[in-house]
2 protein chains.
Amino acid sequence: MAGQPATPSGQDRLLKFKSLERGPSLPQEIVASLTGALLAGELRPGDRLPSEQALATEFGVARTVVREAISQLKYDGIVQSRVGVGAFIAQPQERTAFRISPACFKKRKELLKLLRLRNGVVIEAAADAALARSNRDIARMEAILKEMREAIGDREHGAERHFEAERQLIHVIAKVADNEHALNFVVMIDSQIAEKLRSVAVKNTKATELAAAAIEEQVRLVEAIKRGDPVAAREKARKHYDNAAQRLADRADLADV
Amino acid sequence: MAGQPATPSGQDRLLKFKSLERGPSLPQEIVASLTGALLAGELRPGDRLPSEQALATEFGVARTVVREAISQLKYDGIVQSRVGVGAFIAQPQERTAFRISPACFKKRKELLKLLRLRNGVVIEAAADAALARSNRDIARMEAILKEMREAIGDREHGAERHFEAERQLIHVIAKVADNEHALNFVVMIDSQIAEKLRSVAVKNTKATELAAAAIEEQVRLVEAIKRGDPVAAREKARKHYDNAAQRLADRADLADV
DNA sequence: TTAATCAGGTTGTCAGACAGCCTGCGGGCG
DNA sequence: CGCCCGCAGGCTGTCTGACAACCTGATTAA
C-alpha cells in the first residue's frame, strides 16, 4: 500500500477533528485541525490526545505524518508527551513560541489588535533609537523619507514604493534600537501583515493626501530621533503608528466582527 | 537493527554540525544543532541543507528523526523545502514564529533587551486597560496589590508570593486591555523568564525596601488605570516596568557581556 | 545547435517492527 | 480483608525499507 493516494479510502467517514482535503502537506493539515480543535475549546489544557496510532487511523494517514504534526505542537509547547503514557495539551503558560494565526487577517478587530501589539514594540524601539542613533542611522532614515516623497510622484509604482519604504523605516528603527529580539519580532509580524495585506495597503496609500500626512508624521518621528529626544520619539511614533494602524484597518476589506 | 542503541557505532567520527550526547529527544538535538549552525553563520539564508539521508547518516539517526527536526524548522519558517529538490534556509522575513533562545538568559544584556521588548507591549496594554477597565477589573487589581502588601510581612514565602503577584498583575492588565495577542505574547515571555529566573527574582524581592518601592509604583499604575487615564497609565507602567527590568537584570547572576 | 530523454537524487508518504516506559488489573501473600 | 508484586497491554521514540511524484543535469538523438 506504500505510496497509495494520500486521500485514502475511508476518508468520507466522520472525522473527529476535521477532514483533510489535500493541498498543503498532511502534517500541516493535522496541525491545523488540532489547533482548530484547541481554539474551539474541544481540546483543553490537561486533556490527553488520542494515541498516535488512533490519530493516524482517524485522519487516514501514516503514523509518521501524525508524529510530525505532534512534534511541531510539542516544539511550541502546546502539547507535551510522556513515553509510555501519551501526549497532553499543555497549559497556556507553557508555550514557548508566539505565532500569528491566519484568523488574525479575517476580522478587522483582530488585525487592529495585532497592529497595536506591534506598535507597542515599535514605540519603545523608537525611544531607544533616539538614544542610540548614529549619524549614519539618521542618514539612512532620511533616505527612506526621501524615497517616500519621491514615491508620491510615481503614479505607477508609487503606492508600492511607499508601502515598502514605511516597512523599511520600521525595520531601521528596530535595528538602531539595538534590540535583536524586538527586531525579530517586528520583522516577523510585519512580514506576515505585508504578505496578507499588501494589496489592501497599497490601495490605501493610493490616496495621495493620506500618504502626504503619513510622511509628515514620519518626518516628525525621525526628527525626534535625530534630536536624541526619546520622549518626543515615543510620542511621534505613537501618533504615526496608531494612525497608520487605524487607516489600514479601516480600509482593509475584512469582516466587521 | 530496529531499536538499536540510539547512539550508534559511528558516532565518534567528526560531525559537521555538532555531536549528539543523548538526553533530550533526538529531533530536538538536531534542531538545536541546526539552529546553532544558523546562529553561528555557518548556515545562511538561501543555503541548501544536506539531504535528509545525508543528515541522518551524519547525525547517526534514522531519517524519520531528521524529518521531525526539519519539520519543526519548516513550521517556524526557518526552512523551506521543495519536493525533488531539497530544503533551504529561508530569508529572515519569512519567519512565522517568534521564540526565545535559551541564550537570552545567559547574558545580562540579552535579558534586559528581552524585558524591554516585553515592557513595550505591557506599557501600551496598560493604556488600553485604562480605557477598557471595569469595576470588576479594578477590584482584581487591587486584590493583587493587597496580596503584595501582605507578602511583605510573610518572612517565609513572602518573596515568592510577591513575585507571583507581580506576574498576576501583568497578566490582568493584558487581559483587561482586551488584546489576546498581547496577552499570549506577554504570558509566553513572562513564563519563560519566570521559569529560568524564578530563584534570582525571588532573592531579588527579599530586599524589603525594594519590594516596598515596587509596590508603590504599581499602586500608582493601578490608580491611573482606575482613573481611566491612559497617558498616566503609560507613564506609570513605564516607570515601574523599566525599574523592575533594571533591578532584575542587575541582580541576575549573568555574564556581563 | 537544439530538443527530447533519461538517470539519479530528493522530498513526501506509507508500512511494519522493536525497545523502553507506564498504567491498571489480578492474583498471591500477610 | 488489605497490601504488594508481577504481568499484560498500550504508548511513545526510534529504526528500517519501500515507493510515488518531482526536479535537475547530463546524455543522446534529431
Side-chain angles (χ1 to χ4, degrees), chain A residues 1-11 20-34 46-75 77-90, chain B residues 1-11 20-34 46-75 77-90:
Chain A
M1 291 253 280
Q4 72 177 10
T7 338
S9 46
Q11 76 134 358
L20 313 183
E21 243 29 291
R22 189 73 160 138
S25 79
L26 298 185
Q28 208 65 23
E29 301 226 28
I30 293 181
V31 167
S33 180
L34 290 176
D47 286 359
R48 214 198 93 175
L49 279 120
S51 76
E52 295 174 355
Q53 200 60 253
L55 285 172
T57 306
E58 182 158 10
F59 284 117
V61 299
R63 204 184 134 210
T64 48
V65 171
V66 171
R67 274 192 68 77
E68 274 190 30
I70 291 182
S71 102
Q72 294 180 357
L73 296 176
K74 279 194 291 193
Y75 192 41
I78 290 176
V79 317
Q80 289 175 341
S81 57
R82 281 166 13 202
V83 177
V85 183
F88 300 83
I89 307 289
Chain B
M1 291 257 279
Q4 72 177 11
T7 337
S9 45
Q11 78 132 359
L20 312 183
E21 242 29 289
R22 192 72 161 139
S25 79
L26 298 185
Q28 208 64 23
E29 301 226 29
I30 293 180
V31 167
S33 181
L34 290 177
D47 286 358
R48 214 198 94 174
L49 281 137
S51 76
E52 295 174 355
Q53 200 61 252
L55 285 172
T57 307
E58 182 159 8
F59 284 117
V61 300
R63 203 183 134 212
T64 48
V65 171
V66 171
R67 275 192 67 77
E68 272 190 32
I70 291 183
S71 102
Q72 294 180 357
L73 297 176
K74 280 194 290 191
Y75 192 41
I78 292 176
V79 167
Q80 288 176 343
S81 56
R82 283 168 8 202
V83 178
V85 182
F88 300 82
I89 307 290

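Lettering of chains follows the sequences in order, A, B, ..., and the numbering in each one begins at 1.
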Practice problem: Enumerate the residues from residues 66-74 of chain A whose closest heavy atom to DNA chain C is under 4.0 Å, giving them by residue number; use none for an empty result. | Solution: none

Practice problem: Side chain of B:R48 only, please: which of C:dT13, D:dT14, C:dT10 is the nearest? | Solution: C:dT10

Quiz item: Do you know which two heavy atoms are closest between B:R48 and B:V85, and how far apart they sit?
Solution: NH1-O, 3.5 Å

Self-check item: Atom pair distance, as rounded to whole Å: CD in A:Q53 and P in D:dG13
Solution: 14 Å

Practice problem: Please report the shortest heavy-atom distance between B:V79 and B:A87, naming the atom on each side. | Solution: CG1-CB, 3.8 Å

Quiz item: Within less than 4.0 Å of OP1 or OP2 of C:dT10, is there a side-chain N or O belonging to B:S81?
Solution: no

Just the atom pairs and distances: protein N or O near nucleotides 21-26 of chain D's N or O, under 3.5 Å.
none

Practice problem: Could you check how far CG of B:L49 sits from P of C:dT11, rounded to whole Å? | Solution: 9 Å

Quiz item: Is a donor on one side and an acceptor on the other found under 3.5 Å between the side chain of B:S33 and the backbone of B:I30?
Solution: no

Exercise. Among the candidates C:dG12, C:dT10, D:dT14, find the nucleotide nearest to the side-chain atoms of B:E52.
Key: C:dG12

Quiz item: Base, sugar-phosphate alone, or nothing: which one does B:T64 contact when heavy atoms must sit under 4.0 Å apart?
Solution: base

Quiz prompt | Base C:dG12 paired with B:R63 side chain (donor-acceptor, <3.5 Å) | solution = yes

Self-check item: Atom-pair distance (CG on B:L26; P on C:dG20), nearest Å
Solution: 14 Å

Quiz item: Minimum heavy-atom separation for B:F88 to B:L49, with atom names?
Solution: N-CD1, 4.5 Å

Quiz prompt | Nucleotide nearest B:S25 when distance is taken to its side chain, options C:dT13, D:dT14, D:dT12 | solution = D:dT14

